[in-house]
Amino acid sequence: MEYSLFCQSLYACSSSPVKKKLFLLGIMFLLWVYMLYSCVGYCSGMPSLVVDSYRGKDTESSVGKRTENSRVDLMSRLMPVKPQQQAWVDDVEADYDEPSVRTAVSRDLLHNEIETDERTSDDWDGEMRGEQQQRSAAEPSAMSSFSNGSGSKKLPQAIIIGVKKGGTRALLEFLRVHPDIRAVGAEPHFFDRNYNNGLEWYRELMPKTLEGQITMEKTPSYFVTREAPARISAMSRDTKLIVVVRDPVTRAISDYTQTLSKKPDIPSFESLTFKNRSTGLIDTSWSAIQIGIYAKHLDNWLQYFPMGQILFVSGERLISDPAGELGRVQDFLGLKRIITDKHFYFNQTKGFPCLKKAEGSSKPHCLGKTKGRTHPNINPEVVQRLRDFYRPFNMKFYQMTGHNFGWD
């Protein structure tokens with residue numbers, strides 16, 4: 001009886017076209033609500049599953065951290081930011097001038113044995129922060145994992161310790177092309193000027209590195225700083241040291257030319273070279289002369305490091321055969337030879353090799369405009385006297401290193 005009544009009511013509802021349509025829409029709505037209710041539990045779990053899969057990848061590479069911003073990190077992975085060109089020219093504007101050693105007049109030129117740095121500590125810290133910002137902006141795709149917390153700041157495993165006006169800036173910028181080398185651009189001067197700040201302060205200056213990458217820095221004044229070898233050894237006896245050396249006579253003239261460009265009223269090269277011009281006695285207290293006595297400084301380093309941990313790079317060959325010298329450096333650091341001839345071209349105007357593509361850029365770059373300053377004319381007799389002075393020191397240096405650099 002009840003079934004019959006239900007059928008009659010159903011027939012009555014469906015007899016009217018309007019009522020029939022309303023009835024069907026109602027049934028469809030109920031089915032849609034039921035399906036939505038059934039699916040909501042499964043669908044709500046999907047985002048967490050996707051995020052967890054990415055977290056798993058982070059964990060494999062760097063023990064990833066679960067944070068409340070994981071969904072933002074996921075979007076940054078799926079939609080990477082387009083890399084911006086790094087302000088590379090600004091970073092190397094001072095070229096071989098060793099940008100953190102922008103002195104007024106050197107201690108020797110003022111005869112007070114003190115070199116001054118024109119920049120304050122605030123200026124230096126500002127430069128370091130600026131470089132870190134440039135680097136993070138320039139390499140988001142290559143180093144995207146850094147932005148997600150992976151990688152860590154480590155004390156340097158390799159340091160370019162000298163020499164001033166030898167080509168250290170060029171070497172560092174060439175090495176930064178290698179994907180397994182991360183280097184701070186500004187000179188920290190930790191082991192000579194900022195040692196009291198402590199190793200944690202020093203570590204914070206370094207860029208983040210991943211497993212297998214090498215952290216580097218360069219401060220050319222370390223080579224002539226008496227305390228530097230012991231301090232670096234105390235940090236790590238396994239630190240690899242790189243020294244870029246150059247004909248000491250040419251290096252001294254280049255050193256003088258740099259200072260002359262900043263202080264045109266300084267005494268002549270000849271007057272600074274000799275204690276007494278009539279006797280021809282060389283003034284070894286002048287830093288431009290003293291730095292080039294390589295054997296003396298190397299002897300201090302060998303008290304703390306074996307010769308096998310020190311690589312000597314020829315400043316002359318760094319110009320004539322950059323790929324060859326970079327190959328030796330990569331071997332010394334235990335890295336694959338990635339930097340080759342294809343990375344360089346010779347700039348006829350400057351007379352020096354340039355990078356086809358610098359770090360963080362897709363365009364060719366040469367070192368800064370101060371590269372290749374014209375040297376003042378020096379009396380040939382003065383040059384010859386300097387060559388005679390350096391010859392015995394050069395011979396000893398050749399014996400110590402087992403390599404003849406051909407400066408005589």
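Along the sequence shown, the residues carry numbers beginning at 1.
- In terms of heavy-atom proximity, P267 sits nearest to Y256 at O-OH, 2.8 Å.
- Of the N and O atoms on the side chains of T219 and E217, at least one donor lies less than 3.5 Å from an acceptor on the other residue.
- Residues I214 and R182 fail the side-chain proximity criterion, which asks for heavy atoms closer than 4.5 Å.
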Problem set entry | Pair F332-L241, side chain to side chain contact (heavy atoms under 4.5 Å, CB included): steps then yes or no | CA-CA 10 Å; F332 175 70; L241 310 173; 5.9 Å; no
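- Using a distance-only test at 3.5 Å, with no hydrogens or angles considered, a donor-acceptor pair links the side chain of D321 to the main chain of G324.
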Exercise. Given the rule in the side chain to side chain contact (heavy atoms under 4.5 Å, CB included) test, do T239 and L155 qualify, once you have shown the distances and angles that lead to the verdict?
Worked result: CA-CA 10 Å; T239 306; L155 293 170; over 6 Å; no
For this session: Give the C-alpha distance, both sets of side-chain angles, the deciding distance and a yes or no for salt bridge (Lys or Arg N to Asp or Glu O under 4.0 Å) between D247 and R387.
Result: CA-CA 9 Å; D247 182 340; R387 295 206 176 281; 2.9 Å; yes
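- Across G292 and P248, no two heavy atoms sit closer than the pair O-CB, 3.6 Å.
- Contact annotation: the side chain of W407 never approaches that of V249 to less than 4.5 Å [non-hydrogen atoms, C-beta and beyond].
- The backbone N or O of K165 sits less than 3.5 Å from a side-chain atom of R246, completing a donor-acceptor pair.
- Considering all non-hydrogen atoms of both residues, D192 and S221 come closest at OD2-OG, 2.6 Å.
- For the pair R391/L386, no side-chain contact is recorded, criterion being any heavy-atom separation below 4.5 Å from C-beta on.
- Residues T257 and S254 bring no donor and acceptor atom of their side chains to less than 3.5 Å of each other.
- Rounding to the nearest 0.5 angstrom, the gap separating the CG atom in D180 from the CG atom in L210 is 9.5 Å.
- Between F405 and F397, the ring planes lie parallel to each other; the angle is under 30°, not in the 30° to 60° tilted range.
- Using a 4.5 Å heavy-atom threshold, the side chains of S285 and Q290 count as separate.
- Ion pairing between a basic and an acidic side chain is recognised when a charged N comes within 4.0 Å of a carboxylate O; E187 and K218 show such pairing.
- Separation of atoms CG (L25) and CH2 (W32) is listed at 14.0 Å; rounding is to 0.5 Å.
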For this session: Report the C-alpha separation of L326 and L318 in whole Å, then their side-chain angles, then the decisive distance to 0.1 Å, and conclude whether the side chain to side chain contact (heavy atoms under 4.5 Å, CB included) test is met.
Result: CA-CA 8 Å; L326 266 293; L318 195 58; 3.7 Å; yes
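- The side-chain heavy atoms of L311 and V243, taken from C-beta on, include no pair separated by under 4.5 Å.
- Nearest heavy-atom pair across L172 and G185 is CD2-O, 4.2 Å.
- Atoms CZ and CD, from R317 and E325 in turn, are 4.5 Å apart once rounded to the nearest 0.5 Å.
- Residue I291 holds its CD1 atom at 11.5 Å from NZ of K296, rounded to the nearest 0.5 Å.
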Problem set entry | From CA spacing to verdict: side chain to side chain contact (heavy atoms under 4.5 Å, CB included), V245, F223 | CA-CA 11 Å; V245 290; F223 188 62; 5.7 Å; no
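- The closest donor-acceptor contact from the side chain of T168 to the backbone of K164 lies at 3.5 Å or more, if one exists at all.
- Within 6.0 Å of atom OH in Y304, 12 or fewer heavy atoms from other residues, nucleotides or ligands are found, so the atom counts as exposed in its surroundings.
- Within 6.0 Å of CG in N276 there are more than 12 heavy atoms belonging to other residues, nucleotides or ligands.
- Proximity of L199 to F190: side-chain heavy atoms (C-beta onward) are separated by under 4.5 Å at one or more points.
- A donor-acceptor pair is defined here as one N or O able to donate and one able to accept, closer than 3.5 Å; such a pair exists between the side chain of S268 and the backbone of S271.
- For the atom pair CD of Q330 and CZ of F174, the computed distance is 12.5 Å after rounding to the nearest 0.5 Å.
- The closest side-chain donor-acceptor pair between K240 and Q157, if any, does not fall under 3.5 angstrom.
- Here the side chains of I242 and V313 are in contact, with some heavy-atom distance below 4.5 Å.
- Here the side chain of N300 pairs no donor or acceptor atom with the backbone of P229 at under 3.5 angstrom.
- When every heavy atom of Q309 is checked against every heavy atom of R237, the shortest pair comes out as NE2-O, 2.7 Å.
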Problem set entry | Pair R277-E270, salt bridge (Lys or Arg N to Asp or Glu O under 4.0 Å): steps then yes or no | CA-CA 8 Å; R277 184 66 179 90; E270 181 177 336; 2.7 Å; yes
For this session: With ring-ring contact (aromatic ring centres under 6.0 Å, His included) as the test, would you mind laying out the steps for F269 and W286 before giving the verdict?
Result: CA-CA 11 Å; F269 181 84; W286 183 27; 5.5 Å; yes
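- Looking at K153, its side chain does come within 3.5 Å of a backbone N or O of E204 through a donor-acceptor pair.
- Taking the centre and axis of the six-membered ring of Y195, the NZ or CZ atom of R231 falls inside the cone set by 45° and 6.0 Å.
- Closest approach of I378 to V383, counting heavy atoms only: CG2-CG2, 3.8 Å.
- Residue Y345 holds its OH atom at 5.0 Å from CG of N347, rounded to the nearest 0.5 Å.
- Summarising the local packing, CD of E381 is surrounded by 12 or fewer heavy atoms from other residues, nucleotides or ligands at distances under 6.0 Å.
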Exercise. Which is it for Y294 and F312 under the ring-ring contact (aromatic ring centres under 6.0 Å, His included) test, yes or no, and what are the steps along the way?
Worked result: CA-CA 11 Å; Y294 302 140; F312 297 91; 8.8 Å; no
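- D238 and S236 form no side-chain donor-acceptor contact under 3.5 Å, judged by distance and modelled atom types alone.
- A 4.5 Å side-chain heavy-atom check between D299 and M400 finds at least one atom pair inside the cut-off.
- A donor atom on one side chain and an acceptor atom on the other are found under 3.5 Å apart for T209 and K154.
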